[in-house]
2 protein chains.
Amino acid sequence: MERVDNLAHERETAQFDVEAMKIVWAGSKHELDVSDRMARLVASDPVFHKDNRTMLARKELFKTTLKKAAHAWKRINELHLTEEEASKMRFFIDEPAYTDLHWGMFVPAIKGQGTEEQQQKWLPLAYKMQIIGCYAQTELGHGSNVQGLETTATFDPNTDEFIIHSPTLTSSKWWPGGLGKVSTHAVVYARLITEGKDYGIHGFIVQLRSLDDHSPLPGITVGDIGNKFGSGAYNTMDNGVLQFDHVRIPRDQLLMRLSQVTREGKYVQSDVPRQLLYSTMVYVRQTIVADASRALSRAACIATRYSAVRRQFGSQDGGPESAVINYKTQQNRLFPLIASAYAFRFVGEWLKSLYTDVTQRLQANDFSTLAEAHACTAGLKSLTTSFTADGIEECRKLCGGHGYLSSSGLPELFAVYIPACTYEGDNIVLLLQVARFLMKTVSQLTTGKKPVGTTAYMGNIEHLMQCRCTVNTADDWLNPSAIQEAFEARAVRMAVNCAQNVSKAPSQEEGFLNLSADLVEAAIAHCQLIVVTKFIEKVQQDIMGNGVKEQLQILCNIYALNLLHKHLGDFLVTGSITPKQGALVSEQLRSLYSKLRPNVVTLVDAFNYTDHYLGSVLGRYDGNVYPALYEQAWKDPLNESAVPEGYAEYIRPVLKQQLRLARL
Amino acid sequence: MERVDNLAHERETAQFDVEAMKIVWAGSKHELDVSDRMARLVASDPVFHKDNRTMLARKELFKTTLKKAAHAWKRINELHLTEEEASKMRFFIDEPAYTDLHWGMFVPAIKGQGTEEQQQKWLPLAYKMQIIGCYAQTELGHGSNVQGLETTATFDPNTDEFIIHSPTLTSSKWWPGGLGKVSTHAVVYARLITEGKDYGIHGFIVQLRSLDDHSPLPGITVGDIGNKFGSGAYNTMDNGVLQFDHVRIPRDQLLMRLSQVTREGKYVQSDVPRQLLYSTMVYVRQTIVADASRALSRAACIATRYSAVRRQFGSQDGGPESAVINYKTQQNRLFPLIASAYAFRFVGEWLKSLYTDVTQRLQANDFSTLAEAHACTAGLKSLTTSFTADGIEECRKLCGGHGYLSSSGLPELFAVYIPACTYEGDNIVLLLQVARFLMKTVSQLTTGKKPVGTTAYMGNIEHLMQCRCTVNTADDWLNPSAIQEAFEARAVRMAVNCAQNVSKAPSQEEGFLNLSADLVEAAIAHCQLIVVTKFIEKVQQDIMGNGVKEQLQILCNIYALNLLHKHLGDFLVTGSITPKQGALVSEQLRSLYSKLRPNVVTLVDAFNYTDHYLGSVLGRYDGNVYPALYEQAWKDPLNESAVPEGYAEYIRPVLKQQLRLARL
């Protein structure tokens, strides 16, 4: 294929130091180095190639995933990679696999819920992958509501065992990744029953498969739950179904850090604070927000590069057509997505520090910020994943027809990403949790309890309920404090409105249920404020590199003002801004898009993604899109022969009017 | 599988005659009968089964599609089906195939652009499928901008032939359905060059493959463009790539209704008005709007039924959990989708009558309504397909985790539907066309030219620019004229704002480009008004059946008020309503959702979709979801053996710490 750089002219117009921006994006020089090394390691290893992934039938696809996972483990050991490096390597392999659950859920569950003794027994086995584990929580009939799970674990004092059982069809474990075909063990969540009493949901370590020949153990029915959205995508994962027929496990396989059952069958709670479990949740959600920024930036990188290559209309006197990235309608859709990728990156970075803070406080038995941190991570998980899912699809649309080809990489990215909107808390359920927390915060304002963390602005309620936005010109919207105040006023006013309406209902619960749609909107307003605030704070820090800060400032303004425009109704109904100020937002956005335009390609280069990781012929670094599309097409199995299989049976008889004779 | 009707209790609460509603949805008793017969015919024929479609690798998948297409053609002939019946049958087979292009594009192109003589030669061959044709317009580097196509058709007076040629890689034909593997012929669009002059894009009939052995003819390179979004979905179609190396065709294979080339090579335009071509466009777009209502109603049917089955949270004292359809957040997302499906159905029905009207006028050489009809269909195509694409994905999310399984039917429905946002005009490009028409209409208002058709309301500009909405209570929002006026005021004010801002720019074109994001929003406002208006008009007609009209009234109000809420910013910025009136919208919506609640399952039953057509275990008529999900899972190829292929090579060595020895 021709060696050209079709995007060189775009890179020449950049007004900032892209290498410095790469460090900002990665978080530090060290993180950039590790990422860069691991990305190249993966890209250069033929085992990790993925260009034919969307063409494989399920069994073949799954087998290649097993191969990649084994090869990765081999390389991790051979190269003595650190935990950080190994995790980055798995990330750049870019293929969901049972190892994600083993390292990401099984090991942490034992660490978080197992006693010292249990950890000593199980963790070394898991660390060496002598056992492979998954996390079996959700059931066929039960998702978000963990308390509704039906699987039982009944203690039998005669044998000192728990009997794990699936009493109904809907109690079948359903969805756990790695369960279907690979895991030898699982942390199984079940209702603990002892002395005739149901003590609710607890975790148990259960062996599922023989370590000799991998066959399911007696009493265990286990399999894959079947094909999922897209080709390739999450079909590399063996999400599983699991049923227990009175499976007996030793009593000490109840994870006992928080509660135990004695030899006699007495249920005993330990004195370890249950709040510790929340820190795991904060951790997991923080990683989900980080993933959102990666997925969105990846899609935006593809759409941006291709928009700079693709030309359409605008040809004057037979000259070349205009690159679509020059159209305002394209900028208006694409640039906010680039800005959002940066916004999510920075709020994710901040969440990481929040997690450290929460962990330290918990160790000091300080639970004062936990509820706020919990609501905040729930809300940000919801906000960033929903936006990213929609954003990936928007990027696909921004690529026109070719975005629909698997070779664009976007269909698979969408299909593999969207479960993030559901797992670890359905996004609407999470927003309702945030709303409950906001209602509580509002109600406590009168008691003099000071709101903390991301709700601290609510302490300023008197001002925010009656302040008037002072923006007079489009340029006034460049002022971060004007933006910040408008978002704070909108959020607090929506929350207060909801609180007032809820209080009019016969009961608080009824009010909450009836107004839940409004409450969700109030929660979104609050969460958007957090992201805007963290972006503004980031830009106010010292930032190295020529022109870097200026670009981030533009992105920050685009992020905030685009939200303001999209949710204009909220801002106007609450009187947080006036219609005229709303119109000035559009004007300022147009100007910001023009400022960003010369830098967009370089801004997506700063994500430092390899062509392997992007996995998109449209997103190629060199912009040499059309030869690549053409080449890729011929690799389709349908092109193995000029005349397709089935011609003789199903095409020729049609053409030759011989269909009546044919037996189909 | 157990025979139960888990949704019987939902059907008992309906307050209207579902059989009468089925007729309203179908359009007439006759159409309901035809649909019903064809749907059952397809559902009962094992060749048309589709439950394993998402599990097949491309070649196998494609072969089954060829089989279905041949079988359908056989049945159509055996049963002497009418054109209406045959088309319905193809619809219910629910699988994109080359026949769609043959009947939907190739035949109409010859009818529309061929002379009488050409029609007599080619149509009988096409009608009997002795030749199979496709429509080769778009190229690798050229989509929406037809004038930018590069393929050339140069007349050679020496041999009386056109030489069809692909001068560049980007001129390769790319995307045409049916081209890759099946079509023997194509209507190819190319630049007509004669006597050294380029006369722009014209259509030519070109044979691609031998009618003897199906091999590509000399000079022709043809193949499939590769895998597309999703599994199953559009991968049943052989979208193709096609290159010409100086392929010669007889002069009389230029489609010559509008222009001819003489034996000497002189280019001559006929006196047939070019506007006739527009009526095809109106026709095609009308069918796309009808498809949108079908796709959205199908998704909404699945999501509604499953929402009535699925239970989560809300359990008091250990009783069953609450059906998720009872949650306001679910209603708030789902019910507007049901309402939109009905809205699109009725606007589609109206578009059909518009097409008849346009055709009759054209035959009488009356072109006065053509521009308006063209803009209107462009806008409605854009509006309904974009909304439907998002709506299907929203329905998937409303089904929680299980919506992500292929067996839910929603992933494939999404993947197969979304091209509608791009083909026959990219949705944003179309909205810009609408906006141009609106700007023209606004500018002509002062000249006294009366706006026609769907822009007639603009004639009332003086009133609409300064009228004030009189809504005082939530119930005032039930008044159709209040709704209508608010939508008209918003649309006209947004258009006028845009026109004023465009006129401030140095040139109109520059103004148009700079403000294109605002113009798109104005176009959307106009198109939403059309849909609202047509729904209101529909409800004002005589409608048979107990309670049917009442339900449609509720749906109409939900459709309009939900839009009003979603686009509140527009209504407030333009002063079309006040913030207080905006708040009353939310209040009224809550009340409307409660009214609709007892009827929703029956309202989606009225679509009269068979379980075969729905293709969803979640959307089953009997609501017996969980056993079906469980059964379907075991059909996955991965479950053919308990121990997966690859265990010995890639799992066992990991577990047994033998990876260093392994060669992967």
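Chain letters run A, B, ... following the sequence lines, proteins first and then strands; every chain starts at 1. Predicted model, so just to flag it, every value in this text is computed and none were measured.
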Ranking B/Q632, B/H565, B/K635 by heavy-atom pairs under 4.5 Å to chain A gives rank one to B/H565
Value for CD1 (A/I132) from CG (B/L655), rounded to nearest 0.5 Å, stands at 4.0 Å
Is there a side-chain contact between A/W634 and B/T221 in this structure, where contact means two heavy atoms from C-beta onward sitting under 4.5 Å apart? yes
*Name the orientation class of the two ring planes belonging to B/W175 and A/Y404 (parallel below 30°, tilted from 30 to 60°, perpendicular beyond 60°).*
tilted
Q: Could you go through the side chain to side chain contact (heavy atoms under 4.5 Å, CB included) check for A/K397 and B/I428 one step at a time?
A: CA-CA 10 Å; A/K397 287 183 187 143; B/I428 296 295; over 6 Å; no
Looking only at B/G582, B/S215, B/P419, B/S586, the option with the highest number of non-hydrogen pairs under 4.5 Å against chain A is B/P419
Bottom line for A/V241: the part with an atom under 4.5 Å from chain B's heavy atoms is side chain
Q: Taking A/N639 for its side chain and B/D224 for its backbone only, find out whether a donor-acceptor pair lies under 3.5 Å.
A: yes
Output for pair (A/D636 CG, B/I225 CD1), nearest 0.5 Å, gives 9.5 Å
So does B/L140 get a backbone contact from the side chain of A/H402, meaning a donor-acceptor N/O pair under 3.5 Å? yes
The reported gap from CZ in A/R53 to CG in B/N227 (rounded to nearest 0.5 angstrom) is 12.5 Å
To the nearest 0.5 Å, atom OG1 of A/T578 lies from atom CG of B/L572 at 12.0 Å
Applying a strict 4.5 Å limit to non-hydrogen atoms, the region of A/V625 in contact with chain B is neither
Applying a strict 4.5 Å limit to non-hydrogen atoms, the region of A/I651 in contact with chain B is side chain
Rounded to the nearest 0.5 angstrom, the CG-OH distance for B/L432 and A/Y327 is 10.0 Å
If one checks every heavy atom of A/D213 against chain B at 4.5 Å, the contacting part turns out to be backbone
- Side-chain donor/acceptor of A/K656 to backbone N/O of B/L211, under 3.5 Å: yes
Bottom line for A/E587: the part with an atom under 4.5 Å from chain B's heavy atoms is neither
Under 4.5 Å to a heavy atom of chain B? For A/P216 that would be side chain
Okay, B/F414 and chain A: the region with an atom under 4.5 Å from a heavy atom over there is side chain
Hey, are the side chains of B/L515 and A/K328 touching, using non-hydrogen atoms and a 4.5 Å cut-off? no
Whatever's closer than 4.5 Å to a heavy atom in chain A on B/T64 counts as neither
Given the options B/Q312, B/E321, B/R311, A/N145 meets side chain to side chain donor-acceptor pair (under 3.5 Å) only with B/E321
If one checks every heavy atom of A/L169 against chain B at 4.5 Å, the contacting part turns out to be side chain
Residue from B/T184, B/V520, B/L513 scoring the most non-hydrogen pairs under 4.5 Å with chain A is B/L513
Bottom line for A/S516: the part with an atom under 4.5 Å from chain B's heavy atoms is both
Only one of B/R58, B/K59, B/K67 passes salt bridge (Lys or Arg N to Asp or Glu O under 4.0 Å) with A/E645, and that residue is B/K59
Looking only at B/V182, B/N514, B/D570, most heavy-atom pairs under 4.5 Å shared with chain A are made by B/N514
Residue set satisfying ring pair (Phe, Tyr, Trp, His ring centres under 6.0 Å) with B/Y626, at least two apart, ordered chain then number -> none
Note: B/D518 and A/R590 closest approach over all heavy atoms is OD2-NH1, 3.2 Å
Highest number of heavy-atom pairs under 4.5 Å with chain A among B/A57, B/G141, B/S231 belongs to B/S231
Cut-off 4.5 Å, heavy atoms of chain B, and the answer for A/S406 is both
When the 4.5 angstrom heavy-atom criterion is applied to A/R310 and chain B, the contacting part is neither
### Query
What orientation do A/F229 and B/F229 show, parallel under 30°, tilted 30 to 60°, or perpendicular over 60°?
tilted
Most contact-rich option vs chain A, by heavy-atom pairs under 4.5 angstrom, among B/K566, B/Q147, B/R396, is B/R396
Exercise for the section: Could you check if a side-chain atom of B/R209 sits within less than 4.5 angstrom of a side-chain atom of A/Y647, using non-hydrogen atoms only? Expected result: no
Bottom line for B/Q331: the part with an atom under 4.5 Å from chain A's heavy atoms is neither
Q.
Is it the case that the side chain of B/K181 and the backbone of A/L638 share a donor-acceptor pair, with hydrogens and angles ignored and the cut-off at 3.5 Å?
A. yes
- Quick one: does B/T329's side chain have a donor or acceptor within less than 3.5 Å of a partner on A/A517's backbone? no
TODO: Apply side chain to side chain contact (heavy atoms under 4.5 Å, CB included) to the pair A/R652 and B/H214, showing each step before the final yes or no.
DONE: CA-CA 8 Å; A/R652 191 177 166 83; B/H214 210 64; over 6 Å; no
